[in-house]
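Values below: every heavy atom of this structure, side chains too, minus hydrogens, waters and symmetry copies.
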Amino acid sequence: MRIGRTDSYEQPTGEGAGSGGDEEFADDRVISYLFRLVQARRRQARPSAPTPDWARPHEKPQPTGVRLITSGEYGRVWSKLESRAGRKNVATQLLSRGSRLRPVFKEDIVSGLVPNTNGTTVVEEDANIYCAQFSADSSFYYTGTQDFKISVYDMTASPTQPEKPDMPPQPRRHRWRQRSYIVPPVQSTLKTIKTIRGAQGQWTMTDTHLSPDNERVIYSSLCPVVYMATTHDSSETQIPINFSGRRTRVPAFDYDDELFRVYSCRFSADGNEIVAGGSSLICVYDLLANKRTVRIHAHNDDINSCCWADTASGNVLVSASDDTTLKVWDRRSLGSSQKPSGVLVGHTEGITYVSAKGDGRYVISNGKDQALRLWDLRKMRTNDEWESVSRQDYRDDQFDYRHLPAQRYAAHPKDCSVMTYRGHSVLQTLIRCHFSPAETTGSQYVYSGSYDGRIHIWSLDGRVVQVLDRARTLPLRVDPSAPEPEPMTSDRESVCVRDVSWHPREPVLLSAAFESSRGGSSVARHEWKGLTKTKGALEDCVERQRLEAAETPRRLPGQFVDDDGDDGWL
């Protein structure tokens with residue numbers, strides 16, 4: 001992850017942000033203007049080539065994706081078949097579920113309800129939000145920001161008027177100069193459970209992750225130390241976990257460039273281990289034994305993301321790197337050799353993020369080649385196959401992550417990905433991607449943020465089923481659950497959606513986006529609205545039953561109507 005080129009999106013702005021007034025910001029404004037001017041001239045000097053056919057999003061279902069949907073590995077098949085055939089009626093299912101003998105599965109009702117609103121702002125931050133996710137039980141939502149702060153919000157409480165938390169303004173370091181700036185408190189309609197002030201690291205808080213019991217959170221910040229804090233209680237204690245070669249947990253920031261920088265960190269399934277990926281290395285730390293147990297020189301470039309392949313065993317690791325590959329590591333075989341069990345080949349540029357479905361089989365990855373790819377670990381290349389072609393570099397020599405790269409190849413010649421999804425822009429920052437929740441959708445959708453400010457949701461069959469535009473997000477003081485108003489336009493310069501999280505139990509998305517015009521970030525809530533706009537809406541069914549009851553003559557108990565239309569009695 002080349003920080004100087006990948007994460008240069010944000011600029012600190014705002015009144016009162018510095019201690020020296022407007023004069024101290026004069027140089028910053030000039031530098032910001034010159035930076036944007038250089039970007040514009042580079043775009044003019046290198047006109048974009050026409051988009052090839054293979055780089056466009058699929059408009060029709062792809063046979064491979066259809067087989068995935070109907071394979072039974074992505075939730076209940078009957079509900080998906082009914083929905084694809086146009087026979088699924090959510091209103092009728094809701095209305096008749098009380099009279100059914102068999103229970104109605106939640107997935108049968110909710111699986112087709114994809115969030116379809118451009119969203120309403122619920123949180124405004126002065127610093128850029130790099131990580132933002134729901135907890136596994138959907139009880140809270142947490143964000144990690146560039147000023148080394150984790151905010152935990154209560155998702156069970158009702159929205160309130162925007163209010164500032166009871167905390168003094170905090171100093172923030174400029175990334176070009178060693179001057180302190182004042183960060184104003186967060187404005188939010190969500191109830192804040194806890195605010196964790198992280199240890200000062202390098203550049204930004206690169207990653208955060210919750211333990212399986214949702215009681216602990218870890219974060220990394222481009223140094224060999226990962227910190228662990230609690231999420232619910234008022235304790236401010238943070239435990240440093242050192243992944244470098246030193247034997248002590250005491251953090252040290254005077255390290256040189258050769259030491260380990262952590263870009264990604266993840267708890268294991270039992271919460272007793274942490275995997276961390278960074279400067280070509282992937283490491284595992286045993287919290288119970290209080291020592292690093294695995295250290296692998298995994299890639300020839302930075303590891304931007306890593307994860308566990310399943311949510312049960314914790315034996316299989318996946319690492320994603322700027323060298324365009326994902327590598328699969330089985331800890332049970334690392335004692336004899338530190339070679340990967342397999343390599344996932346297909347991307348032609350660096351990989352920004354990898355996310356696992358949790359079943360030990362499927363993972364997805366976002367690449368700087370503007371492609372999101374779905375992988376089956378059972379179809380990966382062997383390490384020998386990869387080494388035979390590893391010297392052939394298919395990356396663009398003129399690649400610049402700040403602009404759309406020339407798309408020369410659809411995929412690597414040894415591509416082993418199952419599906420490819422396109423339409424979004426993976427630029428400027430390490431944009432993330434995820435599977436939709438298994439409980440409500442069977443993980444039949446994949447979704448990602450985008451540099452152009454849009455959120456893309458794909459069906460597994462390859463089609464884009466929904467695009468949400470953060471440039472049309474409503475302001476902070478609008479009720480997210482209110483009826484959807486008329487579409488609005490925005491004159492903001494640009495918005496970059498870095499991370500998106502789908503509510504585990506409801507058709508709701510929360511997206512975190514950089515806002516260049518305001519110089520900070522915001523979180524928006526995107527809901528599914530439109531039951532009354534669909535054929536056979538619930539309100540229409542209720543109204544029809546009311547009219548039918550009014551037209552039917554009222555009879556006394558025991559009274560009936562014979563074939564001739566005459567009243568009778570039992």
Pairing residues for R463 by the salt bridge (Lys or Arg N to Asp or Glu O under 4.0 Å) criterion, not counting sequence neighbours: D461
Mind listing the side-chain donor-acceptor pairs of residues 106-115 below 3.5 Å, one per line with the distance, residues two or more places apart or on another chain?
{"from": "K106", "atom 1": "NZ", "to": "R505", "atom 2": "O", "distance (Å)": "3.1"}
{"from": "E107", "atom 1": "OE2", "to": "R76", "atom 2": "N", "distance (Å)": "2.9"}
{"from": "E107", "atom 1": "OE2", "to": "K80", "atom 2": "NZ", "distance (Å)": "3.1"}
{"from": "D108", "atom 1": "OD1", "to": "R76", "atom 2": "NE", "distance (Å)": "2.8"}
{"from": "D108", "atom 1": "OD2", "to": "R76", "atom 2": "NE", "distance (Å)": "3.3"}
{"from": "D108", "atom 1": "OD2", "to": "R76", "atom 2": "NH2", "distance (Å)": "3.2"}
{"from": "S111", "atom 1": "OG", "to": "S79", "atom 2": "OG", "distance (Å)": "3.3"}
{"from": "S111", "atom 1": "OG", "to": "K88", "atom 2": "NZ", "distance (Å)": "2.9"}
{"from": "S111", "atom 1": "OG", "to": "E107", "atom 2": "O", "distance (Å)": "2.9"}

Consider only side-chain N and O atoms of R373 and T420, and report whether a donor and an acceptor are under 3.5 Å apart. yes
For S220 against S264, the heavy-atom pair lying closest together: OG-N, 4.2 Å
Can you name the nearest heavy-atom pair linking R422 to A410, along with the distance? NH2-O, 2.9 Å
Partners of F140 by ring-ring contact (aromatic ring centres under 6.0 Å, His included), sequence neighbours excluded? H232
For Y362 together with Y74, are the ring centres under 6.0 Å from each other? yes
What residues, two or more places apart in sequence or in another chain, satisfy ring-ring contact (aromatic ring centres under 6.0 Å, His included) together with Y447? H434, W502
Between H526 and A524, the two heavy atoms sitting closest are CD2-O, 3.6 Å
Does D302 use its side chain to pair, donor to acceptor, with the backbone of N304 at less than 3.5 Å? no
Report the residues that fulfil ring-ring contact (aromatic ring centres under 6.0 Å, His included) with Y142, sequence neighbours left out, ordered by chain and then residue number. none
Hey, is the main chain of V345 close enough, under 3.5 Å, to the side chain of R381 for a donor-acceptor pair? no
For W375, what residues pass the ring-ring contact (aromatic ring centres under 6.0 Å, His included) criterion, not counting sequence neighbours? H347
Search all heavy atoms of D323 against all heavy atoms of R395 and return the closest pair with its distance. CA-NH1, 4.0 Å
N-O pairing of K149 and D126 below 4.0 Å: no
Can a salt bridge be assigned to the pair D207 and R266 using a cut-off of 4.0 Å between side-chain N and carboxylate O? yes
Taking all heavy atoms of E125 and all of Y153, pick out the closest pair and write down the distance. OE2-OH, 4.1 Å
Nearest heavy-atom approach of S305 to T352 is CB-O, 4.0 Å
